[in-house]
Amino acid sequence: MGDWKTVTMPEPLPVLDLSNYGPTSVISSLVQTLPPLSQNSYNLVSAFCTDENIGQCITYINQEISSLGFPPISSDTRGNNDLNLVSVLNVIYELLQLHKKGLRTMEDMETEQLKSSSDMDHLQNSHSKLKEQLELCRRENKSFQERERQVHLKNKSLQNSLKNEKEEVQKLQNVIASRASQYNHDMKRKEREFGKLKERLNQILIDKKDKKMAIEILNYVGRPDGKRSVWKTGKTEARNEEEMYKVLLGDYEHRLKDLMIENAELKKVLQQMKKEMMTILHPQKHGFKEKKEESIDPVASDDEEEPGENSKEYGLDLSCELAREKLTNSIRQQWRMLKNHVEKLDNQAALMQMDVQNECNVVSREIHEEEVDKLKLEIQQCKDFIKTQQQLWQQQVNSPCDEETSSLLQDCYLLEEKERLKEEWKLFDEQRKNFERERKNFTEAAIRLGHERRAFEEDRASWLKHQFLNMTPFIDRKRPQTSKHPCAFSASTEPEVRNLHSSPQTMKSVVTNIPTPKSQSSLKMPSTPDLYQTLCLIPNKSSPEIQPKRSSLQDPNVRMYSGELSTPRPRHSLNSDNYFIYCVSRDENTLK
Amino acid sequence: MELFVCALLPCRRFQLNGWRKGLYKCFRILEVIPGSSELKLRSKEDCLIQKRENNAADCGKMNFSEVFKHSNQLCRISPNGKYLATCVQYRLVIRDFDTLQILQLYTCLDQIQFVEWSSDSSFILCAMFKRGLVQVWSMEQPDWHCKIDEGSAGLVAARWSPDGRHILNTTEFHLRITVWSLCTKSVSYIKYPKACHQGIDFTKDGRYLALAERRDCKDYISIFVCSDWQLLRHFETETQDLTGIEWSPNGCVLAVWDTCLEYKVLFYSLDGRLLSIFSAYEWCLGVKSIMWSPSSQFLAVGSYDEKVRMLNHITWKQITELDHPSTISNPKIVFYREVERRPVISNDDLSAHHSLTTGSSLFSTQSKYEVSSLPAQVPVIKPDPDRPNPKIGISAMAFSSNSRYLVTKNDNMPNNVWIWDVQKLKLFVVLEHVAAVRCFQWDPCHPRLALCTGNNKVYMWSPSGCACVQVPIAGHFQVLSLSWHTSGQSLILLSKDQLCVCYLENKDS
């Protein structure tokens, strides 16, 4: 900054010139690069070239320039300084170029310097930081060392104190022991003294013939048992002893009896267990033998022999060691067998689970069938009942009209009978209504079934048509391929279709035969027995697990046919049917 | 006071003939039983109906007699259940238990300090220790009297012999035991009785007496035949400082336990043979209490380590250890907690409550048992280690009359009572109260426990449930102790200076 001021001080002219160069840095560098000139002070600069010394100046410049390797700016030939303008300009240009270059390099250098200086700063910073860190670490290290030392010291002191404590404890224990013994000793001494004192006191009390100590009693009372007291003699002593032993003996006998009873009970339980085990194991053993003889191990064969022996022993009910041992041994063996068996059963059970599930389903279907049968039977019975009731009713209604005299005679109980009959009639009416409702339900169901059947028939007809159209010789070859895929849901749902399946008819006949009667039947209302038939048929068909069986029964032709038949449509209708039937059956239940 | 009562007698007798009609009825039975908490008390009738519904603690209906005075908690029911003896200062009042009318009034020479009925209920002894006097009164002959003066030897204890014709007086300093006979003039002395917690015990059948003795710094036991006071056996025991002896109910085994400094229980046969020694641990404070089961099959040993150990009667080994944990988490255990609440009078209940509360104390708190959800915490008091006889460990145990249940009390859980199922040897029920349990006793006929906590309530437990019943007596009637009548149908409740009889009607009656 100081430099800057010195430059601005002089006249404005050079400043202006210099300012042309641009950035202040250039100026400062300029100033730096021109120390010799500045030494000559301002006068020199300002008065370098005057009118008088132009020539000198030119020569001087010329010399200088030439020494610097530039072409001369003036021709010296005439000894006169003749300025060659072109060369002057060239030189100036070159000088300017050089100058610029110099400036640029200077700039670069400067930036580099800045960079390096900043780098330097940074490095210095980091260096100082690291130094600090190092210092810190050193300090920490020192502190840790110090602490360690302290801990060591503490540890040592603690060990010392522990040792001291131990010694103390030992000492105290000794003290306690000695005190305890001392205490015990003193206690004993005191007690002895106390005893002596007591003795003495007792003596004194007795010697004193204490008048005060007395019993005042109005009259002596009798003993509660009414006996008189007896003199103490050797005899009584012996009797007392005897009685005491009697009491003890009684107690032991009682205890023995208890134990005997308990033992007997336990034995009974054991025997029962054994028997039960035998019964459980016996049939099993036979089964094993039949199935695989190699599985019978020595244990089983042993066991076979034993039951006979043991049963004999039980009969005798021996309680001796031998019998007990045998009993326990055989029980143990049987128990082992039972365990094996149970394990086997467990394994089997795991395998059987699927079958069991299926069985369950089958059972449910059977139950269902039974239920339906039962319901049918019930309905029939109810119908009969209604009929007979109607008949009776008719008779009863008619009879009083026929014989007026008798009605007069029966007048007395006619009224109440009327009441009764009314009630009965009401009941009867209700029943009839119920039945009618039921019937309605059934007819509704039948109608729905009819509708569905018709839809199905239509479906089938369309399909058959399609089939028929496909029966052209062109497609004929493809048939056997399709027949290889029998569908699980063989559409053997409709009785007619099933009939067809069972009949060994040709394909063509099927196609021609079916549509016509079916369309007729679907139009008319199915009768109740018809409905029942369908009802009891439907569950069979709906259960999926027997269908494979049925399909296996079919001959390949039909199977192919059925495979083609299995469109989703009929299956769906079937399901709805099924559902409806369940509804009906529930209604019946509620009505009943 | 008593004369006044006597004057009132005739008219009261009339009333008392049917005490069920004439006396106080139970006014408030607080519902407890699980699942019946929504029941409300509307009126007396409702209360009774509700009672029938939950049959809480089998107590059916409870009736309370009016109160009578007594002093020193001296109030005894005769063994035959006919009489009730109460002491008021120096007077002994004998009442008929059924009618509560006074039958006899005896006046002793000084303030009575101890009363005991003879086994046949025909005599009663009153001891006045300060004077060294025992006075005996007869039920059959009111004129008959007997006075025993121990003279300068002094008197610290008096008791009947099982035959009811001898009185055993212990002189001061346990110098000797004097056996006075009421049949003959004979007087016998037993020297060197040991001054200890329970140094003398008769067998249940009254044939033998076991007496702890101390001679030459060694413990001995003498077994006497009660019929003629002849020494049957005399043997030294393997104890440091014997604390107690107790016969098994069948009278064949004598359990002996050592001082609390050592855990040691010894079993001696009637003939003096050592059957077994049991010691659970060493160094810590040992046995605190012992109780035989009525069947003599088990011996429950309660100790300072808060455990009860059950020993069997065949091998005399431990069967099980009953711990008293401070946290109860087993869901099979029922935890009943007494919950106190101020009577809240809602608008719709106002009239009903009024009719109920006017009879009983209006301002007292009501409380009821509630089944607490598990796990539950039992409040524990930390005993002061500097004091002797620390308040920790099992101090009291009792078997129910049918040996089915065992009730225990742990001293550092004073508010709780533990009921154990003896068949399963498992904790069955825990009862927790607001105050410390003062006294509990089993019904002598049924598995039913009555207990009191020093407030105005009686607590009952039976396997079917439990109940707390407020004693409907005006003023402060703090039940400090209770004792059952031999029939199991009534019990007497003792406050500091009053008593009343509580009659229980079973639901079947």
Side-chain angles (χ1 to χ4, degrees), chain A residues 180 184-185 187-192 194-206 208-234 236-241 243-252 254-255 258-259 262, chain B residues 118-120 122-123 132 134 136 138 141 143-153 163-165 167 171 173-176 178 180-187 189 191-192 203 205 207-208 214-217 223 225 227-233 241 250-253 269-271 296 313-314:
Chain A
N184 278 339
H185 182 259
M187 269 290 278
K188 272 189 185 161
R189 201 170 48 112
K190 290 253 166 70
E191 215 176 305
R192 228 165 263 146
F194 183 54
K196 264 183 207 162
L197 269 172
K198 267 182 168 179
E199 193 78 11
R200 188 74 181 277
L201 191 61
N202 219 1
Q203 203 60 47
I204 288 166
L205 279 174
I206 290 165
K208 204 178 158 192
K209 292 273 187 310
D210 193 4
K211 271 180 203 161
K212 271 181 87 185
M213 190 185 139
I215 180 164
E216 274 176 38
I217 192 159
L218 191 74
N219 58 308
Y220 289 103
V221 290
R223 291 168 69 91
D225 51 6
K227 284 180 198 161
R228 291 179 63 186
S229 58
V230 279
W231 291 106
K232 284 182 196 177
T233 55
T236 54
E237 212 167 291
R239 207 190 55 224
N240 281 336
E241 285 270 311
E243 257 176 36
M244 178 195 81
Y245 283 120
K246 250 189 218 164
V247 167
L248 276 180
L249 255 178
D251 178 50
Y252 282 123
H254 181 72
R255 234 189 262 186
D258 281 354
L259 284 175
E262 208 177 305
Chain B
S118 70
S119 59
D120 57 358
S122 50
F123 296 99
V134 170
V136 188
S138 165
Q141 301 164 266
D143 305 333
W144 186 90
H145 60 85
C146 169
K147 190 181 90 184
I148 300 166
D149 194 342
E150 279 295 336
S152 48
D163 65 357
R165 294 294 179 272
I167 291 167
T171 60
F173 311 113
H174 285 76
L175 216 57
R176 65 188 179 207
T178 326
W180 300 93
S181 171
L182 301 185
C183 308
T184 59
K185 280 180 186 172
S186 69
V187 182
Y189 299 108
K191 269 210 232 169
Y192 313 113
T203 55
D205 58 5
R207 277 163 108 170
Y208 301 104
R214 185 83 175 175
R215 291 180 196 182
D216 305 326
C217 310
I223 293 171
V225 181
S227 57
D228 52 8
W229 303 107
Q230 204 163 45
L231 183 68
L232 185 71
R233 280 287 183 279
D241 181 16
N250 63 8
C252 290
V253 181
S269 165
L270 179 59
D271 55 356
S296 307
H313 74 308
I314 292 173

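Naming: A, B, ... by sequence-line order, numbering from 1 per chain.
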Exercise for review: Compare every heavy atom of B:F173 with every heavy atom of A:F194, then report the nearest pair and how far apart it is.
Suggested key: CZ-O, 4.1 Å
Practice item. Output yes when a side-chain donor or acceptor of A:R255 lies under 3.5 Å from a complementary backbone atom of B:H313, and no otherwise. Key: yes
Review point. Side chain, backbone, both or neither: which part of B:R215 has a heavy atom under 4.5 Å from chain A?
Key: neither
Practice item. Output the option from B:C252, B:G132, B:S119 having the highest count of non-hydrogen pairs under 4.5 Å with chain A. Key: B:C252
Point to revise | Contact summary for A:T236 and B:Q230, nearest pair of heavy atoms | key: OG1-NE2, 3.5 Å
Point to revise | Gap separating the CG atom of A:N184 from the SG atom of B:C217, nearest 0.5 angstrom | key: 9.5 Å
Review point. Side-chain contact, heavy-atom cut-off 4.5 Å: A:D251 with B:L270?
Key: no
Check your understanding: With distance as the sole test, does B:K191 use its side chain to make a donor-acceptor pair with the main-chain N or O of A:E199 at under 3.5 Å?
Key -> no
Review point. Picking from A:H254, A:R192, A:E243, A:M187, which has the most non-hydrogen pairs under 4.5 angstrom with chain B?
Key: A:E243
Review point. Between B:D143, B:L175, B:I148, which residue shows the highest count of heavy-atom pairs closer than 4.5 Å to chain A?
Key: B:L175
Practice item. Could you check if a side-chain atom of B:T184 sits within less than 4.5 angstrom of a side-chain atom of A:Y220, using non-hydrogen atoms only? Key: no
Revision key, fill the gap. Rounded to the nearest 0.5 Å, the CD1 atom of A:I215 sits from the OG1 atom of B:T178 at a distance of 10.5 Å
Exercise for review: Check whether B:V136 gets within reach of chain A through its side chain, its backbone, both or neither, counting any heavy atom under 4.5 Å.
Suggested key: neither
Review point. What part of B:W180 gets closer than 4.5 Å to chain A, counting heavy atoms only: side chain, backbone, both or neither?
Key: side chain
Point to revise | Check against side chain to side chain contact (heavy atoms under 4.5 Å, CB included), B:I314 and A:L259 | key: CA-CA 10 Å; B:I314 292 173; A:L259 284 175; 3.9 Å; yes
Check your understanding: What distance do B:R207 atom CZ and A:M244 atom CE have between them, rounded to the nearest 0.5 Å?
Key -> 11.5 Å
Study note, to complete from the structure: Cut-off 4.5 Å, heavy atoms of chain A, and the answer for B:D271 is both
Exercise for review: May I ask you to decide if B:Y192's main-chain N or O and A:K198's side chain share a donor-acceptor pair within less than 3.5 Å?
Suggested key: no
Check your understanding: Measuring heavy-atom distances to chain B, does A:L197 have an atom under 4.5 Å in its side chain, in its backbone, in both, or in neither?
Key -> neither
**Study point:** Within-4.5 Å side-chain heavy-atom neighbours: A:V247 and B:D205
**Key:** no
